[in-house]
Amino acid sequence: MNHIKVPRNDGTDMADYLLSGLQVNDIAVDGANRKWIATQSSGLFLVSADGTQIIKKFNTTNSALTSNTVFQVCCNPNSNSVYVTTPSGLYEYFSDSSPAETSYDNIYAYPNPVRPDYGGDVTIMGLMDNSLVKIADAGGNVIRQLKSTGGMVTWDCCDQYGDRVKTGIYMVLCSRANGGSESVVTKIAVVR
């Protein structure tokens, strides 16, 4: 049995064993091969595919969970839904990862159009694993580059400098992270 060490974020070269001393109740794997770990008293953990990094921790102080006891966790194999059971009931969380596709034939973005009163992210679904996603304006200028987690990516409707984009039609260009041809696979209308 290997104990995975997670580097501390305190500027030292020290590391701790992953979830040392915590009772693990359940583990599920999402579309990006990341691990969701349910614990008896410390909430829910999202761990990188190789187990070396805690990506997120969900508990009563930073999430909708009303208990730090998580009995079970389940990742929907067909979407980005993660289901969690606690003493208070069932919770659904929408992850930033979904199962990857084998081609770019079924890409879509939502919400689309992005209306002036919408303040959230645009989700682009139907991507191949680790896709390089470029958002371009109508003039063909790439304003933002993103990398998919599994079969999806989210865009905050900002350019590479963090400025909100203007009203217009934006093209989503995708390619395999290891190379390949690009193509316009969908468009997103933004209305300000």
Side-chain angles (χ1 to χ4, degrees), residues 28-36 44-58 62-64 73-84 92-192:
V29 179
D30 70 13
N33 199 30
R34 302 176 306 177
K35 285 54 172 181
W36 291 81
L44 181 70
F45 291 82
L46 172 59
V47 179
S48 63
D50 63 2
T52 60
Q53 179 185 9
I54 296 173
I55 299 170
K56 291 183 183 175
K57 180 180 177 183
F58 302 88
N62 69 359
S63 72
V73 59
C74 176
C75 298
N76 185 328
N78 300 312
S79 73
N80 64 328
S81 292
V82 177
Y83 301 99
V84 176
E92 181 180 18
Y93 173 74
F94 297 103
S95 167
D96 63 352
S97 173
S98 69
E101 297 290 332
T102 57
S103 72
Y104 292 126
D105 294 339
N106 298 312
I107 292 181
Y108 62 96
Y110 66 90
N112 195 7
V114 180
R115 302 195 185 281
D117 59 340
Y118 183 72
D121 292 346
V122 173
T123 302
I124 302 163
M125 298 285 292
L127 300 170
M128 297 171 75
D129 193 31
N130 293 317
S131 292
L132 177 60
V133 177
K134 296 179 181 179
I135 309 293
D137 62 17
N141 303 303
V142 175
I143 59 162
R144 187 76 179 269
Q145 289 190 56
L146 306 163
K147 190 170 181 183
S148 72
T149 305
M152 69 178 279
V153 70
T154 57
W155 176 44
D156 60 4
C157 293
C158 292
D159 64 17
Q160 62 189 352
Y161 305 108
D163 297 325
R164 300 285 290 171
V165 297
K166 296 176 180 166
T167 295
I169 303 295
Y170 294 87
M171 295 167 281
V172 178
L173 302 100
C174 300
S175 65
R176 295 295 304 241
N178 58 356
S181 62
E182 283 184 347
S183 61
V184 175
V185 291
T186 195
K187 296 177 183 177
I188 301 169
V190 177
V191 181
R192 295 282 181 219

Could you grab the distance from atom OH of Tyr93 to atom OG of Ser81, nearest 0.5 Å is fine? 11.5 Å
Please determine whether side-chain contact (heavy atoms from CB on, under 4.5 Å) holds for the pair Lys56 and Ser63, giving the CA-CA distance in whole Å, both sets of side-chain angles, and the decisive distance to 0.1 Å. CA-CA 11 Å; Lys56 291 183 183 175; Ser63 72; over 6 Å; no
Measure from the side-chain N and O atoms of Asn112 to the backbone N and O of Ala189, and report whether any donor-acceptor pair falls under 3.5 Å. yes
Count the heavy atoms belonging to other residues, nucleotides or ligands that lie under 6.0 Å from OH of Tyr161, then report whether that count exceeds 12. no
Separation between CZ (Arg34) and CD1 (Ile55), nearest 0.5 Å, reads 5.0 Å
Hey, does Val122 have a side-chain heavy atom less than 4.5 Å from the side chain of Cys157? yes
Any donor-acceptor pair under 3.5 Å from Asp30 side chain to Asn80 backbone: no
In Å and rounded to the nearest 0.5 Å, what is the CD1 to CE distance from Ile169 to Met171? 9.5 Å
Check for a donor-acceptor pair, side chain of Lys35 on one end and backbone N or O of Asn33 on the other, with a separation under 3.5 Å. yes
Is Tyr118 reaching over with its side chain to a backbone N or O of Asp121, donor-acceptor style, under 3.5 angstrom? yes
Which heavy atom in Ile143 sits nearest to a heavy atom in Asp137, and how many Å separate them? CG2-OD2, 4.3 Å
Any donor-acceptor N/O pair, Thr149 side chain to Ser97 backbone, under 3.5 Å: no
Would you check if there is a donor-acceptor pair between the side chains of Ser131 and Tyr104 at a distance under 3.5 Å? yes
Would you say the side chain of Ile124 lies within less than 4.5 Å of the side chain of Ile188, judging by non-hydrogen atoms? yes
Take Asn130 and Lys147, measure what side-chain contact (heavy atoms from CB on, under 4.5 Å) needs, and give me the verdict at the end. CA-CA 6 Å; Asn130 293 317; Lys147 190 170 181 183; 3.8 Å; yes
With no hydrogens and no angle check, is any side-chain donor or acceptor of Ser148 less than 3.5 Å from a backbone partner on Met128? yes
Looking at Lys57, is its backbone amide N or carbonyl O close enough to the side chain of Asn62 to form a donor-acceptor pair, meaning the two atoms are under 3.5 Å apart? yes
Between Met152 and Asp96 the two heavy atoms that sit nearest each other are CG-O, 3.5 Å
Look only at the side chain of Thr186 and the backbone of Val172, and say whether a donor-acceptor pair between them is shorter than 3.5 Å. no
Would you name the heavy atoms of Ala49 and Ala32 that are closest together and state the gap between them? CB-O, 4.0 Å
Residue of the set Asp159, Val165, Asp156 for which side-chain contact (heavy atoms from CB on, under 4.5 Å) holds with Arg144: Asp156
Count the heavy atoms of every other residue, nucleotide or ligand shown that sit under 6.0 Å from CZ of Arg192, and state whether that count exceeds 12. yes
Mind checking the CG-CD1 spacing from Asn141 to Ile135? Nearest 0.5 Å is all I need. 13.5 Å
What's the separation between atom CH2 in Trp155 and atom OH in Tyr170, rounded to the nearest 0.5 Å? 6.0 Å
